[in-house]
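Since this is a predicted model, take the numbers as computed values, not measurements.
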Amino acid sequence: MAARAWQRMLSGRRLDLLDPTPMDIEIDDIAHGLAFVARWNGQTKGDYAYSVAEHSILVTDIHARLAPNAPVKWRLAALLHDAPEYVIGDMISPVKAAVGPGYGALDDRLAAAIHLRFGLPAALPKTVKATIKRADKISAWLEATQLAGFTQSEADRFFGKPDPAMTDGLTLHLRPPAQVRADFTARHAALLEAL
């Protein structure tokens with residue numbers, strides 16, 4: 001019997017993990033999955049996990065600070081930067097490195113299908129990816145210092161010391177998954193409408 005390489009989504013879609021197609025991608029599935037995937041392997045302070053959906057919203061906000069004149073489609077790309085994790089989960093960087101290139105290839109295939117589904121290029125331009133990665137690192141610094149028990153000097157060493165203008169006023173709050181899911185879906189809808 002062949003190993004199953006697909007997952008049934010709550011929308012009813014059957015997503016082939018090895019050969020995903022844009023037609024099998026639904027934003028409600030992404031929002032739901034990401035709202036229940038914990039960043040930092042769940043090792044954060046508070047009564048709720050800090051989810052990948054919450055992180056993605058924060059990265060989008062930081063991206064807007066880093067590139068205020070960027071086209072809306074790149075903000076949408078920032079929101080979706082970790083979208084493949086709705087089916088493959090979030091692994092902390094040391095585990096990704098140990099797993100090897102197979103994880104990255106799977107992530108890339110899913111990301112390409114997700115991008116195409118929402119009108120983005122399958123592969124983002126390098127400059128866009130770099131800006132999103134900068135926003136992602138600033139987000140990681142905030143999460144590390146506010147939720148994951150890192151000192152500022154530890155976070156500076158691992159994620160780089162951010163420009164205070166990029167973090168000013170950004171206080172992280174843990175919220176129930178249903179609320180985060182709704183906010184992620186609403187942000188996605190607003191960005192699509194602004195395209």
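Neither side chain, Trp6 nor Asp24, offers a donor N or O lying under 3.5 Å from an acceptor on the other. Judged by distance alone, the side chains of Asp136 and His55 do bring a donor and an acceptor atom under 3.5 Å apart. Using modelled atom types and a 3.5 Å distance limit, the side chains of Asp29 and Ser11 yield a donor-acceptor pair.
Of all heavy-atom pairs between Ala111 and Pro84, the closest is N-CG, 3.7 Å. Taking both residues in full, the closest heavy atoms of Ser139 and Leu58 are given as OG-CD2, 3.3 Å, listed atom of the first, atom of the second, then distance. Considering every non-hydrogen atom in both Glu26 and Arg13, the closest pair reads OE2-NH2, 2.8 Å. Here the closest non-hydrogen pair linking Ser56 and Leu34 is OG-CD1, 4.4 Å. Considering all non-hydrogen atoms of both residues, Ala38 and Ala49 come closest at CB-CB, 3.7 Å. The heavy-atom pair separating Trp141 from Gly160 by the smallest distance is CD1-O, 3.5 Å.
Note on Ile57 and Leu147: separate hydrophobic clusters, where clusters join Ile, Leu, Val, Met, Phe, Trp and Tyr whose side-chain heavy atoms are under 4.5 Å apart, directly or indirectly. Both Val87 and Val52 are assigned to one and the same hydrophobic cluster, defined by single-linkage of ILVMFWY side chains at heavy-atom distances under 4.5 Å. Grouping the Ile, Leu, Val, Met, Phe, Trp and Tyr side chains by contacts below 4.5 angstrom, directly or via other members, places Val72 apart from Leu116. Leu124 and Leu66 fall into different hydrophobic clusters, where Ile, Leu, Val, Met, Phe, Trp and Tyr side chains are chained together by heavy-atom contacts under 4.5 Å. With hydrophobic clusters built from ILVMFWY side chains whose heavy atoms lie under 4.5 angstrom apart, Ile27 shares a cluster with Ile88.
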Would you check, one step at a time, whether the test side chain to side chain contact (heavy atoms under 4.5 Å, CB included) holds for Phe184 with Ile30?
CA-CA 9 Å; Phe184 183 95; Ile30 293 172; 4.0 Å; yes

Would Arg181 and Asp28 count as a salt bridge (Lys or Arg N to Asp or Glu O under 4.0 Å) here? Give the steps.
CA-CA 8 Å; Arg181 177 181 62 212; Asp28 290 337; over 6 Å; no

For Leu17 and Arg4: C-alpha separation, side-chain torsions, deciding distance, then whether side chain to side chain contact (heavy atoms under 4.5 Å, CB included) applies.
CA-CA 9 Å; Leu17 299 174; Arg4 180 172 64 93; over 6 Å; no

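In Tyr103, the OH atom is crowded: over 12 heavy atoms of neighbouring residues, nucleotides or ligands sit closer than 6.0 Å. Around the NZ atom of Lys133, the shell of radius 6.0 Å holds no more than 12 heavy atoms that belong to other residues, nucleotides or ligands.
With contacts defined as side-chain heavy-atom distances shorter than 4.5 Å, the pair Ser51/Phe36 does not qualify. Contact annotation: the side chain of Asp82 approaches that of Arg39 to within less than 4.5 Å [non-hydrogen atoms, C-beta and beyond]. Two residues are said to be in side-chain contact when any heavy atoms from C-beta on lie closer than 4.5 Å; Tyr86 and Met9 meet this criterion. A 4.5 Å side-chain heavy-atom check between Phe118 and His188 finds at least one atom pair inside the cut-off. Between Asp90 and Trp40 there is no side-chain heavy-atom pair separated by less than 4.5 Å. Side-chain contact check for Leu110 versus Leu15: some heavy-atom pair is nearer than 4.5 Å. Between Gln146 and Thr167, every side-chain heavy-atom pair lies at or beyond the 4.5 Å cut-off. A heavy-atom distance below 4.5 Å is not found between the side chains of Leu191 and Leu195.
A salt bridge is absent between Arg134 and Asp163: the closest approach of a Lys/Arg side-chain nitrogen to an acidic carboxylate oxygen does not fall below 4.0 angstrom.
Partner of Arg117 under the side-chain contact (heavy atoms from CB on, under 4.5 Å) criterion, chosen from Leu80, Ile25, Thr21: Ile25. Just one of Leu172, Thr44, Ile138 meets the side-chain contact (heavy atoms from CB on, under 4.5 Å) condition when paired with Glu143; it is Leu172.
Distance check: Thr151 OG1 to Asp156 CG gives 8.0 Å after rounding to the nearest 0.5 Å. Expressed to the nearest 0.5 Å, how far CG of Leu192 lies from NZ of Lys73 amounts to 13.5 Å. Atoms OH and CZ, from Tyr50 and Arg175 in turn, are 9.0 Å apart once rounded to the nearest 0.5 Å. The CD atom of Gln179 lies 8.0 Å from the CD atom of Glu54; values are rounded to the nearest 0.5 Å. Atoms CZ and CG, on Arg109 and Asp107 in that order, are 10.0 Å from each other to the nearest 0.5 Å. Remark: His63 NE2 to His81 NE2 distance equals 11.0 Å, nearest 0.5 Å.
Looking at Arg75, its side chain never comes within 3.5 Å of a backbone N or O of Leu79 through a donor-acceptor pair. Checking side-chain atoms of Asn41 against main-chain N and O of Gln43 turns up no donor-acceptor pair under 3.5 Å.
The aromatic rings of Phe159 and Phe150 are tilted relative to each other, their planes meeting at an angle between 30° and 60°.
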